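As the structure is a computational prediction, the values presented were derived from the model and not from experiment. For ligands, and for the atoms within them, numbers begin at 1 and follow the listed sequence.
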Amino acid sequence: MIPPDHPRYRSLVVRERLAQCAREGVVALEGLTAHGRAEAFDYLIGEQSTPTGRQAARIAAALLRQARRPVLSVNGNTAALAAAECAELQEATGCGIEVNLFHRTDERMRKITRLLEDAGATVLQGTPERLIPLEHDRALCLPHGIGRADLVLVPLEDGDRCEALRAMGRVVVTIDLNPLSRTARTATLTVVDELTRALPLITAAYGELAPDEVERLVRELDNHYLLQAAIAEIVRGVTSALD
Ligand code: PTJ
């Protein structure tokens with residue numbers, strides 16, 4: 001039992017949730033180390049959405065508004081942490097949701113799909129094909145899902161697939177607390193924020209944006225600039241931490 005008055009209560013609850021999901025086979029064991037790395041970066045931004053993260057979430061919403069066949073790609077960590085937020089994004093934007101795993105097994109595919117459906121999401125189903133030029137199983141995707149998407153939103157992505165999707169001409173939006181990761185640097189747009197904070201920001205912005213703001217945000221999108229701004233926020237936060 002984690003005492004609610006523990007100063008690190010939320011962080012401990014999230015860890016417990018991921019550990020439980022790992023025991024149940026939803027989260028890959030490797031997903032726990034990925035979470036640990038993200039926790040460290042979240043510490044550095046003060047465990048709250050930064051101005052740059054918020055701005056990137058608005059741009060993500062603008063890209064979604066312009067997309068014709070957007071798909072949210074979900075892995076084990078994303079489902080464990082944010083199944084409800086994924087369902088809410090789908091309800092607001094009408095995006096497809098496809099499960100795509102690095103450590104892919106039929107059993108994990110089934111469990112993650114169930115978890116998403118229990119949260120209210122509609123999950124794309126069908127026979128996957130090796131449509132992305134990659135050696136590992138992230139190459140597998142649905143012809144009517146990621147296979148024909150014009151925009152893929154891939155939280156907690158690994159760099160290889162991000163690069164491959166970009167090479168295929170897709171708009172790739174990622175959510176990654178690490179602004180230095182290969183994914184962050186190769187995506188069309190990186191939202192440097194924690195997943196469970198970023199998804200609701202994107203969902204809210206989707207409904208708020210006026211058409212001219214959508215156009216302006218997409219026209220002025222500069223991921224390199226946003227990553228530099230995110231790093232500057234980290235540096236400012238760290239240098240003032242003990243003031
Ligand atoms: O479920 P599977 O089999 O598809 O495997 C998923 C993992 C996460 C194991 C796999 O995609 C992986 O190894 O990812 P990486 O290469 O470690 O990248 C994950 C990135 O997401 C890292 O840069 C982390 O900082 C970031 N990240 C992890 N958790 C969060 C996060 N960013 C935002 N919010 C989080 N909660």
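- Two residues are said to be in side-chain contact when any heavy atoms from C-beta on lie closer than 4.5 Å; L209 and R58 meet this criterion.
- Contact annotation for R104 and ligand 1: no heavy atom of the residue comes within less than 4.0 Å of the ligand.
- At under 3.5 Å, not a single nitrogen or oxygen of L81, backbone or side chain, sits near a nitrogen or oxygen of ligand 1.
- Considering both main-chain and side-chain atoms, E194 comes within under 3.5 Å of ligand 1 through a nitrogen or oxygen pair.
- Those atoms of ligand 1 that come under 4.0 Å of a heavy atom in A34, given as number and element, are 8 (C), 17 (O), 24 (C), 28 (C).
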Please evaluate residues S11 and E39 with respect to the criterion side chain to side chain donor-acceptor pair (under 3.5 Å), reporting the C-alpha separation (whole Å), side-chain torsions for both, the decisive distance (0.1 Å), and the verdict.
CA-CA 8 Å; S11 162; E39 269 190 331; 3.2 Å; yes
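- By the 3.5 Å distance cut-off applied to N or O atoms, H35 is not counted among the residues near ligand 1.
- When only interatomic distances are considered, the shortest N/O to N/O separation between D158 and ligand 1 does not fall below 3.5 Å.
- With sequence neighbours left out, I2 forms a side-chain contact (heavy atoms from CB on, under 4.5 Å) with Y9, L12, V13, E16.
- Checked by distance only, ligand 1 and L101 stay at 3.5 Å or farther apart across all their nitrogen or oxygen atoms.
- In terms of polar-atom proximity, defined here as any N/O pair under 3.5 Å, G31 makes no such contact with ligand 1.
- Scanning the protein for heavy atoms near atom 28 (C) of ligand 1, the closest one is A38 CB, 3.3 Å.
- At least one heavy atom of D193 sits closer than 4.0 Å to an atom of ligand 1.
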